[in-house]
There are 2 protein chains.
Amino acid sequence: MYKSRSTVVGDLKGQIKLNYEAEALAVTLKSERERQGLSQRDLSTRSGVPQSHISKIETAGVDLRISSLAALAHALDLEIALVPRKAVPAVQSISRSVDTAPIVLPEVAKHIASISKQMSNVKGLSVDPHVLQGVQRQFNDMQQYQNLIRDPAMLSSIYDALKEVKNVDGVDALKQVAIQMARLRNDLVHLDIKPKSFPRRAYQLDGDDDA
Amino acid sequence: MYKSRSTVVGDLKGQIKLNYEAEALAVTLKSERERQGLSQRDLSTRSGVPQSHISKIETAGVDLRISSLAALAHALDLEIALVPRKAVPAVQSISRSVDTAPIVLPEVAKHIASISKQMSNVKGLSVDPHVLQGVQRQFNDMQQYQNLIRDPAMLSSIYDALKEVKNVDGVDALKQVAIQMARLRNDLVHLDIKPKSFPRRAYQLDGDDDA
DNA sequence: CCAAGTGATATGTATTAATAGATCACGTCT
DNA sequence: AGACGTGATCTATTAATACATATCACTTGG
């Protein structure tokens with residue numbers, strides 16, 4: 001929306017306010033990305049928005065289009081909503097309560113990064129693609145709930161198992177990885193997270209798919 | 001966000017979903033505009049977005065920029081929010097409860113339109129700008145809560161008083177208008193709107209300013 | 001040291017919203 | 001009938017996002 005044309009640009013306050021909106025949304029997107037322990041390149045892969053663009057969005061207050069905002073939001077498990085002004089405090093309160101899940105521990109983020117790297121290596125090997133796909137899916141899930149992981153030891157164990165995946169022992173070692181990832185997830189499922197206000201169990205994990 | 005470039009356009013589902021977002025927001029904007037009894041030209045005046053553009057937005061799924069969306073939303077007393085997916089049902093519930101105020105009666109809409117027209121006429125007269133400003137502000141408010149007005153008779157009375165505003169009797173007649181508008185608002189303040197779920201009294205009017 | 005990851009920056013091009021009006025087709029009112 | 005309001009449509013131009021890459025400066029780990 002251009003306000004710099006020959007029309008009267010008298011209301012600078014209004015103009016600043018419009019830019020403010022894009023910046024406020026960018027701040028939200030950035031903090032959510034960081035909260036989930038994602039790099040800009042991770043988010044780029046998920047959302048389809050180029051990393052360079054994400055960088056500019058986060059730093060330069062780009063006046064995004066809805067489709068781009070939606071892509072980024074969805075990659076971060078957020079939705080765009082139009083909320084009556086009077087309801088804004090209540091909505092913020094709800095969002096905050098959902099967001100009370102802890103920040104990703106640095107130790108955990110490191111291990112996840114190492115596993116991510118090793119996953120890439122394993123993809124270059126001749127292993128059963130079916131099993132690999134299952135493991136990849138489990139790993140994607142793990143990245144989603146990495147902020148719930150408190151003990152990096154299990155991640156260390158998964159990383160070790162991943163390093164054992166060679167051509168000769170490919171499928172068996174990979175299945176070991178899958179088992180350990182499933183174990184990690186199952187342990188986390190039994191964590192009882194009850195935010196002080198609703199909704200209850202905002203981050204309850206579904207027991208839907210398995211390797 | 002273009003998905004029609006040389007890159008793989010494999011995920012049609014994803015693309016459709018992105019367009020869906022713009023359309024869903026347009027639907028929300030349109031229904032809120034109608035709920036408030038505003039024409040596209042009214043909204044254009046308030047938001048600074050051209051009427052022709054609003055028409056296209058409402059009918060053609062334009063991929064708006066945030067600044068344009070914000071301008072339209074603010075003109076309709078809405079805010080853009082990024083909400084965790086898990087919180088979406090709760091947020092919708094809040095928005096709905098705030099939105100339970102009734103639709104504008106056609107009779108009421110007509111009277112408001114007549115008053116709006118007469119307000120324009122009065123602006124061309126030599127009347128006390130200070131008083132006129134106060135009345136204009138009251139009228140703006142009235143447009144905001146016109147969906148709460150059940151009895152058009154008071155509006156008729158206000159319109160009659162407005163027609164009495166001539167050069168010779170300008171300030172006194174105009175003050176009569178102000179008094180009647182204030183009376184209408186005060187009557188409405190005592191309407192007790194309690195949605196079945198929170199927040200209570202979403203549309204409670206503040207007793208802040210007077211003529 | 002080198003390799004890899006991260007976010008920021010730059011370049012050049014394509015796309016489409018946004019702008020500024022004007023006008024059309026239709027409905028309503030006097 | 002004419003006047004007015006409403007939403008849709010049109011034209012021509014501009015602005016800025018979006019895209020696709022590449023690269024830079026810095027940090028970290030082996």
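Using a 4.0 Å cut-off between charged side-chain N and carboxylate O, Asp63(A) and Arg65(B) make no salt bridge.
Between His111(A) and Ser156(A) the shortest side-chain heavy-atom distance falls below 4.5 Å. Inter-residue side-chain proximity for Leu38(A) and Glu32(A) is flagged as unmet; no heavy-atom pair is nearer than 4.5 Å.
Regarding contacts with the backbone of dT28(C), every side-chain N or O of Lys110(B) stays at 4.0 angstrom or more from both OP1 and OP2.
Residue Arg65(A) is the one, among Pro50(B) and Arg65(A), whose nearest nucleotide of DNA chain C lies closer to the 5' end (criterion: closest heavy atom).
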Report summary line: Each nucleotide of nucleotides 6-12 of chain D classed B (base within 4.0 Å of a protein heavy atom), S (only sugar-phosphate) or -, in 5' to 3' order, makes BBBBB--
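Here dT28(D) presents its P atom at 20 Å from CD1 of Ile112(A), a figure rounded to the nearest Å. The interatomic distance linking Asp63(B) (CG) with dA18(D) (P) rounds to 8 Å, in whole Å. Spacing between atom CE of Met1(B) and atom C1' of dA16(D) amounts to 17 Å, rounded to whole angstrom units. The CG atom of Leu64(B) sits 10 Å away from the P atom of dT19(C) (whole-angstrom rounding). Distance, Leu69(A) CG to dA17(C) P: 16 Å, rounded to whole Å. Atom CG of Leu43(A) is separated from atom C1' of dG5(C) by 16 Å (rounded to the nearest Å). One can place CD of Gln118(A) at 17 Å from P of dG29(D), the figure rounded to the nearest angstrom.
Among all heavy-atom pairs drawn from Ala75(B) and Leu43(B), the shortest one is CB-CD1, 3.6 Å.
Using a 3.5 Å distance cut-off with no hydrogens or angles, the side chains of Thr45(B) and Asp42(B) do not pair a donor with an acceptor. For the 3.5 Å distance criterion, the side chains of Asp160(B) and Ser157(B) fail to qualify, holding no donor opposite an acceptor.
Between the side chain of Tyr2(A) and the base of dA15(D) there is at least one donor-acceptor pair of N/O atoms closer than 3.5 Å.
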